[in-house]
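Some notes on the structure that comes next.
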Number of protein chains: 2
Amino acid sequence: MDTTQRTDQQRSADRRRRELLEAADRVVLRDGPQASMNAIAAEAGITKPILYRHFGDKGGLYAALAKRHTDALLDSLRAALDAPADRRERVEATLDTYLTAIEARPQVYRFLMHPAEGGQPGDQGFDVGKHSAPLLRRMGEELAQVIEERLDLGPGGQRLARVWGHGIVGMMHAAGDWWLGERPCSRAELVRSLADLLWGRLAAAGDRVGGPGF
Amino acid sequence: MDTTQRTDQQRSADRRRRELLEAADRVVLRDGPQASMNAIAAEAGITKPILYRHFGDKGGLYAALAKRHTDALLDSLRAALDAPADRRERVEATLDTYLTAIEARPQVYRFLMHPAEGGQPGDQGFDVGKHSAPLLRRMGEELAQVIEERLDLGPGGQRLARVWGHGIVGMMHAAGDWWLGERPCSRAELVRSLADLLWGRLAAAGDRVGGPGF
DNA sequence: AGACTGGTGTTACCGCAAGTAACATGCGCG
DNA sequence: CGCGCATGTTACTTGCGGTAACACCAGTCT
């Protein structure tokens with residue numbers, strides 16, 4: 001009966017939601033992760049309660065916002081990971097894609113990685129550990145799946161793939177974070193160094209003169 | 001002249017400071033990173049302004065608190081890294097030390113890794129990127145130094161060592177964070193899997209049947 | 001002794017941000 | 001027309017970081 005009506009309303013609601021998210025995006029891009037709800041509402045040309053009606057609370061808005069960027073980044077990474085090239089080249093392309101992304105929009109990156117969620121609603125502490133860095137977790141799981149699908153790791157390969165997925169993502173993240181702050185070398189060199197690490201150069205390196213090696 | 005006096009005062013101030021830090025420690029251990037200054041002051045049996053006199057602001061308190069734990073953890077890691085054993089054993093021991101530490105006190109770990117600092121003093125945004133996760137940075141630099149000291153990496157070895165230091169620390173961190181949340185395997189297995197990754201098993205693994213490998 | 005200094009402690013307040021009523025308004029529909 | 005119903009508002013509460021302003025209690029200097 002009211003199917004069309006409901007659809008219309010829902011459509012308009014979705015449109016509003018998207019507009020609000022874009023406004024929030026602009027504010028986050030400008031102010032970083034500590035953007036206030038008031039600022040976002042003002043940027044959207046409305047007032048706070050509307051935001052709360054759409055997203056529940058600040059965490060909801062942040063989650064919706066993060067999902068957009070996370071999905072976009074994951075798409076890029078998937079593309080690099082699936083390109084027709086040999087393993088090493090694909091690993092390097094994926095690393096480069098990630099680093100290029102965080103380099104292009106550090107504010108967004110900061111928002112995704114360090115949401116700085118306080119959580120002072122009365123007595124309820126935040127769900128520690130679950131909500132911390134969803135992007136890292138998703139990337140880790142995704143990479144784990146690719147590894148497990150494509151590589152023959154023998155018995156226990158599934159668990160191994162998950163460990164590696166999260167480990168590699170963490171390596172990429174930490175190195176990228178540090179690199180973004182200090183810029184100690186070019187992006188290409190960073191990519192090559194990390195790939196070398198993954199390719200076992202740590203184990204292959206010789207000891208230095210004068211003592212047992214690391 | 002007033003050397004002894006100043007010393008006395010300083011000593012008592014230091015004692016107070018330590019007491020306050022211990023109280024803060026207890027609160028953080030109980031409430032996680034979002035512990036409030038009021039709660040910490042109450043736990044210490046005093047009121048807020050004293051905390052501010054001692055530590056300046058919340059960031060100061062957090063920094064002092066983080067330094068304690070960071071130093072302690074780094075000492076453990078250094079010990080594991082310097083043990084008399086071959087390279088692989090030492091890497092595994094270091095990984096295991098880290099994982100044991102975060103397993104023993106996850107609240108402290110959360111506090112160190114995700115301080116959740118907002119920074120709303122007026123117009124000034126937070127120093128993004130510099131203050132984010134000092135522990136990770138310090139661990140990365142430290143490991144880089146060890147690598148550079150002990151391994152012969154040829155030309156450009158210093159930059160390579162720094163990249164690897166931060167990358168390995170990030171790998172350890174992300175894998176540990178994920179493992180702490182999901183407990184997908186034993187600690188020993190995680191350690192072995194990560195060491196395998198560093199030892200180049202990713203590059204050495206064979207492709208799976210039916211397509212080009214990862 | 002009495003004024004001075006300096007650290008310890010307090011209460012009471014400001015500013016700000018999250019989140020929430022409670023009230024207003026425009027629109028389709030019987 | 002009145003009835004829902006979503007959209008929007010103002011005005012408020014709560015809680016936190018941070019800061020005066022004032023009170024107390026030691027030693028010190030003259």
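Proteins get letters first, then strands, A, B, ... in listed order; numbering begins at 1 in each. Predicted model, so just to flag it, every value in this text is computed and none were measured.
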Task: Shortest non-hydrogen separation from B:Ala39 to B:Asp31 and the atoms involved - done: CB-OD2, 4.5 Å
Open item on the list: Could you check whether B:Ser193 and A:Arg159, counting side-chain N and O atoms only, form a donor-acceptor pair closer than 3.5 Å?
Closed with: no
Open item on the list: For a 4.5 angstrom cut-off between non-hydrogen side-chain atoms, does B:Val28 reach B:Gln107?
Closed with: no
Open item on the list: Give me each pair satisfying ring-ring contact (aromatic ring centres under 6.0 Å, His included) with a member in residues 163-184 of chain B, each pair once, sequence neighbours excluded.
Closed with: A:His166-B:Trp178, A:Trp178-B:His166
Task: Protein-nucleotide distance (B:Ile40, atom CD1; D:dC16, atom C1'), rounded to Å - done: 12 Å
- [ ] Could you check how far OH of A:Tyr62 sits from C1' of C:dA17, rounded to whole Å?
- [x] 11 Å
Task: Gap between atoms NZ and P, on A:Lys58 and C:dC16 respectively (whole Å) - done: 15 Å
- [ ] Starting from C1' on D:dC16, measure out to CD on A:Gln34 and report it in whole angstrom.
- [x] 16 Å
TODO: Using whole Å, report how far CG of B:Asn38 lies from C1' of D:dC16.
DONE: 8 Å
TODO: Taking only Lys NZ, Arg NE, NH1 and NH2, and the carboxylate oxygens of Asp or Glu, determine whether B:Glu141 and B:Arg138 approach each other closer than 4.0 Å.
DONE: no
Open item on the list: Please give me every residue in residues 45-56 of chain B whose heavy atoms get under 4.0 Å of an atom in DNA chain D, ordered by residue number.
Closed with: B:Lys48, B:Pro49, B:Tyr52
TODO: Respond yes when some side-chain nitrogen or oxygen of A:Arg16 is under 4.0 Å from OP1 or OP2 of D:dA6, and no when none is.
DONE: no
TODO: Would you mind reading off the distance between B:Asp31 atom CG and D:dG15 atom P, rounded to a whole angstrom?
DONE: 15 Å
Open item on the list: Looking at B:Glu22 and B:Arg18, is any side-chain nitrogen of the basic one under 4.0 Å from a carboxylate oxygen of the acidic one?
Closed with: no
